[in-house]
Amino acid sequence: MPITPATATHSSSNGTAEAILLELVDEDGVTIGTAEKLTAHQPPGQLHRAFSVFLFDERGRLLLQQRALGKYHSPGVWSNTCCGHPYPGEAPFAAAARRTFEELGVSPTLLAEAGTVRYNHPDPASGLVEQEYNHLYVGLVQSPLRPDPEEVGDTAYVTSAELEARHAEDPFSAWFMTVLDAARPAIRELTGHSAGW
């Protein structure tokens with residue numbers, strides 16, 4: 001397995017390696033502990049807190065991200081604007097804003113809560129499991145993107161119709177349609193019904 005920011009450990013102030021921890025939750029989203037990131041994704045998966053961001057431009061087009069080929073989980077597939085996991089004790093909203101900037105080099109001009117969704121999606125390609133309690137956010141992006149190539153392989157703005165055509169041809173993340181469908185009411189409120197979401 002390649003060493004990427006997701007699988008690597010980071011150094012603490014005393015020089016020792018520190019594992020990336022996720023917040024484990026119960027079915028109601030209440031924190032019950034922590035687990036190392038890769039361990040939490042091993043079958044059958046441990047239910048943990050996550051977030052998904054959907055950003056739109058002024059024309060109501062969704063910003064998609066193609067995950068970098070070096071990522072340990074779902075490399076090279078297309079997905080929503082940004083997704084990830086809060087650090088233990090970090091507010092999901094703060095984590096969503098932080099990771100959007102780290103991955104895409106932009107801060108949303110608007111970012112609003114869009115509910116939560118709980119799912120269990122095995123990834124056939126990697127054998128890992130997304131067992132997540134996911135906090136959803138929708139918003140607007142008005143700045144030029146500066147993607148981090150270690151995180152992002154490509155980006156694209158798509159209309160609802162263009163997404164349907166692309167989804168039929170390109171590989172997408174196992175969780176994409178679940179989080180998109182859960183966020184649709186908030187997306188329609190943000191973009192208006194004429195955008196077709």
> Is there a side-chain contact between Leu128 and Gln42, using heavy atoms and a 4.5 Å cut-off?
Replying inline: yes
> Roughly how far apart are Thr116 OG1 and Leu136 CG, rounded to 0.5 Å?
Replying inline: 7.0 Å
> Does some side-chain heavy atom of Phe176 sit less than 4.5 Å from a side-chain heavy atom of Asn80?
Replying inline: yes
> Atom CG of Leu24 and atom CG of Leu47: how far apart are they, to the nearest 0.5 Å?
Replying inline: 8.0 Å
> Is a donor on one side and an acceptor on the other found under 3.5 Å between the side chain of Gln65 and the backbone of Thr81?
Replying inline: yes
>> Hydrophobic clustering (ILVMFWY, side-chain heavy atoms < 4.5 Å, transitive) - are Phe54 and Val158 grouped together?
In response: yes
> Take atom CD in Glu113; do more than 12 heavy atoms of anything else shown fall under 6.0 Å from it?
Replying inline: no
>> Looking at every non-hydrogen atom in both residues, tell me the closest pair between Pro44 and Val129 and how far apart they are.
In response: O-CG1, 3.4 Å
> Do any pairs count as a side-chain hydrogen bond (donor to acceptor under 3.5 Å, both in side chains) and have a residue in residues 125-136, sequence neighbours left out, and if so which ones?
Replying inline: His41-Glu130, His48-Glu132, Arg49-His135, Ser52-Asn134, His73-Glu130, His85-Glu132, Arg118-Gln131, Tyr119-Glu132, Tyr119-Asn134, Asp123-Ser126
Can you give each donor-acceptor pair under 3.5 Å made by side-chain atoms of residues 189-197, sequence neighbours left out, with the distance rounded to 0.1 Å?
residue, atom, partner, partner atom, Å
Thr191, OG1, Ile187, O, 2.9
Trp197, NE1, Gly60, O, 2.9

> Shortest non-hydrogen contact from Ala19 to Glu36?
Replying inline: CB-CG, 3.8 Å
> Do Thr100 and Val141 come close enough that some side-chain heavy atom pair is under 4.5 Å?
Replying inline: no
> Can you name the salt bridge (charged side-chain N to carboxylate O under 4.0 Å, His left out) partners of Asp181, sequence neighbours left out?
Replying inline: Arg184
>> According to salt bridge (charged side-chain N to carboxylate O under 4.0 Å, His left out), who are the partners of Arg188, at least two apart in sequence or on a separate chain?
In response: none
> Which atom pair, heavy atoms only, marks the closest approach of Glu103 to Cys82?
Replying inline: OE1-SG, 3.7 Å
>> On a heavy-atom basis, which atom in Pro43 and which in Gly127 lie closest, and how many Å separate them?
In response: CG-O, 3.2 Å
> Are the side chain of Arg99 and the backbone N or O of Gly84 linked by a donor-acceptor pair below 3.5 Å?
Replying inline: no
> Rounded to the nearest 0.5 Å, how far apart are CG of Leu111 and CG of Leu55?
Replying inline: 6.5 Å
> Hey, what do you get for SG (Cys83) to CZ (Phe51), rounding to the nearest 0.5 Å?
Replying inline: 7.5 Å
> Of the non-hydrogen atoms in Pro86 and Pro92, which two are nearest, and what is the gap between them?
Replying inline: CG-CA, 4.0 Å
> Out of curiosity, does Val179 fall in the hydrophobic cluster containing Val138 (side-chain heavy atoms, cut-off under 4.5 Å, transitive links)?
Replying inline: yes
>> Main chain of Asp28, side chain of Asp26: is a donor-acceptor contact present, judged purely on distance under 3.5 Å?
In response: yes
> Which pairs pass ring-ring contact (aromatic ring centres under 6.0 Å, His included) with one or both residues in residues 19-39, sequence neighbours excluded?
Replying inline: none
> Is Trp78 reachable from Val152 through a run of hydrophobic residues whose side-chain heavy atoms are each under 4.5 Å from the next?
Replying inline: no
> Going through the checks in order, is the salt bridge (charged side-chain N to carboxylate O under 4.0 Å, His left out) test met by Arg98 and Glu90?
Replying inline: CA-CA 11 Å; Arg98 173 180 58 79; Glu90 182 182 27; 2.9 Å; yes
>> So which atom in Leu21 and which in Pro88 form the shortest heavy-atom distance, rounded to 0.1 Å?
In response: O-CD, 3.2 Å
> Roughly how far, to the nearest 0.5 Å, is the NE2 atom of His121 from the CH2 atom of Trp175?
Replying inline: 10.0 Å
> When rounded to the nearest 0.5 angstrom, what is the spacing between CG in Leu140 and CG in Asp57?
Replying inline: 9.0 Å
> Same cluster for Leu62 and Leu110 if Ile/Leu/Val/Met/Phe/Trp/Tyr side chains link at under 4.5 Å?
Replying inline: yes
> Side chains of Phe172 and Leu180: does their closest heavy-atom pair fall under 4.5 Å?
Replying inline: no
> Sequence neighbours excluded, which residues qualify as ring-ring contact (aromatic ring centres under 6.0 Å, His included) partners of Phe93?
Replying inline: Tyr137
